[in-house]
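Heads up: the structure comes next, in structure tokens.
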Amino acid sequence: MCHLPNLLYRPSYPSHGVQMSDKNIRTSRSLAPTDADSEVVVQGWAQDIRNLGGISFLQLRDRYGIIQITAPKKKTDPQVMDAITSLSRESVVRVTGTAKASDQAKGGVEVLPTHFEVISAAATPLPMGVIDKVNVEADTRYDHRFMDLRKPETRAIFEIKSTVLSLIDEYLVNNGFTEVFTPKLVASGAEGGATLFELRYFDQNAYLAQSPQLYKQMLMSTGLDKVFEIGPAFRAEPSDTTRHVSEFISFDGEMAFIESQRDVQVMIEGCMQSVIGGVIERCKGQLELLGVDVALPKAPYPTLTYESAVEMVNAEGMNIPLGEDLGTEGERLLGNIMARQGSEMYWIVEYPDEAKPFYIMEKEGTPYSYSFDLDYKGQEISSGGQREHRYDNLVSRMEKKGLDPASFNFYLEAFKFGMPAHGGWGLGVERLIQKMLDLPNIREAILFPRDRIRLVP
RNA sequence: GCCCUGGUAGUGUAGCGGCCUAUCAUGAGGCCCUGUCGAGGCUUCGACUCGGGUUCAAAUCCCGACCAGGGCGCCA
């Protein structure tokens with residue numbers, strides 16, 4: 001799969017791309033004082049209309065910003081004047097007019113209209129204001145997300161998300177990975193733990209995949225060696241938090257012929273540095289709009305064992321028994337401790353194998369496993385480890401976890417006829433974005449979030 | 001799923017037994033204004049989530065449903 005370079009925010013490329021008509025179509029970015037006295041066509045949403053009687057102003061918003069349409073009554077066709085002053089906010093219009101340099105207009109240029117076309121009049125009142133001076137609750141914003149996305153700062157998150165995905169792609173392809181797609185409709189995915197969404201599949205029952213785990217592992221027996229996938233994952237967990245949703249984008253990778261899980265960690269770490277560094281470099285405008293100062297995490301990321309992580313939080317007043325999960329509070333406290341030491345990203349390795357799925361390799365002679373979590377500012381964004389590639393051990397681990405190996409034949413078969421040592425990871429893309437941009441809720445990083453109760457829009 | 005808090009005009013809120021014919025802001029409609037950009041001035045419009053109950057009287061108290069926010073839990 002080929003990926004075009006990110007054209008946004010590289011002013012050396014023409015911003016309007018392919019010219020689709022012979023009209024002099026301009027955007028808020030391409031219109032400049034040097035256009036003065038020439039006829040231009042601009043189009044967008046009517047953000048604000050100011051009728052002062054003898055002169056009217058229309059703020060026209062497009063993808064890149066605002067263009068001011070200025071209509072002095074004496075110099076403007078009465079029909080055009082009327083159309084402007086009677087326009088409802090958020091209507092889509094196309095304006096033809098004369099560009100005029102002006103110190104009083106932002107950007108130093110405004111347009112005096114000669115023709116005015118309402119492409120789509122907006123009904124009133126708006127379900128929520130785009131520039132109103134009142135707060136709008138998150139729930140109301142998600143109910144009317146198309147309107148919410150008219151705010152540049154809301155859109156900025158998704159422009160950054162797009163850049164993150166491009167950067168991941170670039171990094172992995174440069175490191176010899178092949179991008180793959182595994183099925184999201186599956187017959188069984190009961191790898192334990194997470195609950196599945198069930199649905200009818202012709203005359204069978206099927207499930208929405210909670211993870212590409214089994215399939216990406218099967219690919220390790222093929223010779224593709226290094227694969228990654230970016231795609232949706234579905235969890236029917238009844239979670240109700242600011243960091244859980246029932247549909248999210250998972251970035252999964254799997255690598256064959258590894259020496260240890262460390263090989264996998266090195267790859268993720270390099271990828272994260274490249275992604276965060278790339279966002280800082282390519283998304284300056286969006287970060288400024290969001291008022292976020294993203295810092296490149298200190299590398300190499302410190303590695304804590306699960307045991308030492310428990311000791312660290314217990315030393316600061318918690319009381320977590322060995323073997324137990326850190327919990328939300330413990331995770332957050334650990335984040336604070338690490339922040340004090342200047343580390344936003346850090347590894348927690350060797351979790352108790354009891355808490356890990358069947359496909360993880362045990363650390364023999366200990367209650368621990370060859371597994372890792374990657375935490376970013378006190379929140380887990382990725383987990384992975386070395387997989388159990390030895391058929392007999394894998395089957396006995398399944399049995400130990402109360403799973404029936406017979407229902408995993410399609411998976412186990414790949415381990416029977418030559419399977420290299422391998423390891424991999426899964427990473428929640430929206431969690432990465434959430435922590436990177438300090439978003440209060442993971443839903444802010446999803447266009448149309450799906451949670452326990454929200455299925456619309 | 002549990003605990004806590006809450007549901008009032010399009011949006012965001014105040015009011016928390018009678019002073020409610022319900023506050024303020026924002027918005028929408030109308031009018032005035034030639035440099036607005038959180039414009040300004042005048043004016044009009046618009047709401048108590050639903051169902052039961054208590055009471056002479058309920059937006060206000062009680063019960064239930066539904067929904068939301070915060071926290072926890074569940075959790076690749």
Side-chain angles (χ1 to χ4, degrees), chain A residues 47-61 65-76 81 85-86 88-90 100 102-107 110 122-144 147-148 189 191-196 209-214 216 229 231-252 325 327-332 355-357 359-360 371 373-374 379-385 424-431 440-441 443 451-454:
Chain A
Q47 175 161 294
D48 203 10
I49 300 126
R50 297 256 158 78
N51 178 12
L52 274 65
I55 188 168
S56 290
F57 301 98
L58 165 63
Q59 288 177 357
L60 191 68
R61 184 189 65 244
I66 300 287
I67 299 169
Q68 177 159 282
I69 311 297
T70 301
K73 201 168 188 173
K74 287 178 186 164
K75 298 180 190 166
T76 307
M81 200 68 195
T85 53
S86 63
S88 56
R89 295 199 305 167
E90 295 302 320
K100 186 187 155 207
S102 167
D103 291 341
Q104 292 163 97
K106 282 177 181 165
E110 59 191 4
T124 57
L126 300 169
M128 57 172 279
V130 176
I131 54 159
D132 288 4
K133 303 156 206 81
V134 290
N135 180 43
V136 185
E137 287 201 0
D139 206 50
T140 308
R141 291 197 289 110
Y142 301 142
D143 278 342
H144 311 286
M147 192 64 81
D148 187 37
E191 53 178 79
T195 331
L196 299 160
Q210 57 174 242
S211 136
Q213 184 63 38
L214 305 183
K216 65 179 182 173
E229 173 167 11
F234 303 93
R235 302 283 159 85
E237 295 299 330
S239 298
D240 214 352
T241 76
T242 55
R243 61 193 178 281
H244 289 92
V245 281
S246 37
E247 178 178 353
F248 63 93
I249 301 300
S250 180
F251 160 38
D252 276 83
D325 202 70
T328 310
E329 198 188 338
E331 238 183 349
R332 203 174 292 140
K356 287 287 167 182
Y359 48 78
I360 282 287
S371 63
D373 277 7
L374 177 62
Q379 184 172 120
E380 176 192 341
I381 60 164
S382 176
S383 75
W425 71 89
L427 181 146
V429 172
E430 287 92 355
R431 280 195 178 180
N441 196 309
R443 291 165 179 78
D451 60 32
R452 263 185 79 185
I453 49 175
R454 183 176 289 282

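Labels below follow one simple rule: chain letters A, B, ... track the order of the sequence lines, proteins then strands, and each chain is numbered from 1.
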Base, sugar-phosphate alone, or nothing: which one does A:Leu427 contact when heavy atoms must sit under 4.0 Å apart? base
Is the phosphate of B:A28 approached by A:Arg89 (side-chain N or O, under 4.0 Å from OP1 or OP2)? yes
Among B:C72, B:U36, B:U34, which is the nearest nucleotide to the side chain of A:Ile55? B:U34
Sequence neighbours left out, what passes side-chain contact (heavy atoms from CB on, under 4.5 Å) with A:Lys100? Give chain and number order. A:Glu110, A:Leu112
Which residues share a salt bridge (charged side-chain N to carboxylate O under 4.0 Å, His left out) with A:Arg332, sequence neighbours left out: none
Between B:U36, B:C37, B:C74, which nucleotide gets closest to the side-chain atoms of A:Glu237? B:C74
Residue pairs involving residues 123-134 of chain A (criterion side-chain hydrogen bond (donor to acceptor under 3.5 Å, both in side chains); sequence neighbours excluded): A:Arg89-A:Asp132
What string of B, S and - do you get for nucleotides 8-16 of chain B, 5' to 3', when a contact is any protein heavy atom under 4.0 Å? --BBSS---
Residue set satisfying side chain to side chain donor-acceptor pair (under 3.5 Å) with A:Glu380, at least two apart, ordered chain then number -> none
Measuring to OP1 and OP2 of B:C67, would you say a side-chain N or O of A:Arg452 lies under 4.0 angstrom away? no
Which salt bridge (charged side-chain N to carboxylate O under 4.0 Å, His left out) pairs, counting each pair once, include a residue from residues 240-251 of chain A, with sequence neighbours left out? none
Of the candidate nucleotides B:C74, B:C37, B:G35, which contains the atom at the shortest distance from the side chain of A:Lys106? B:C37
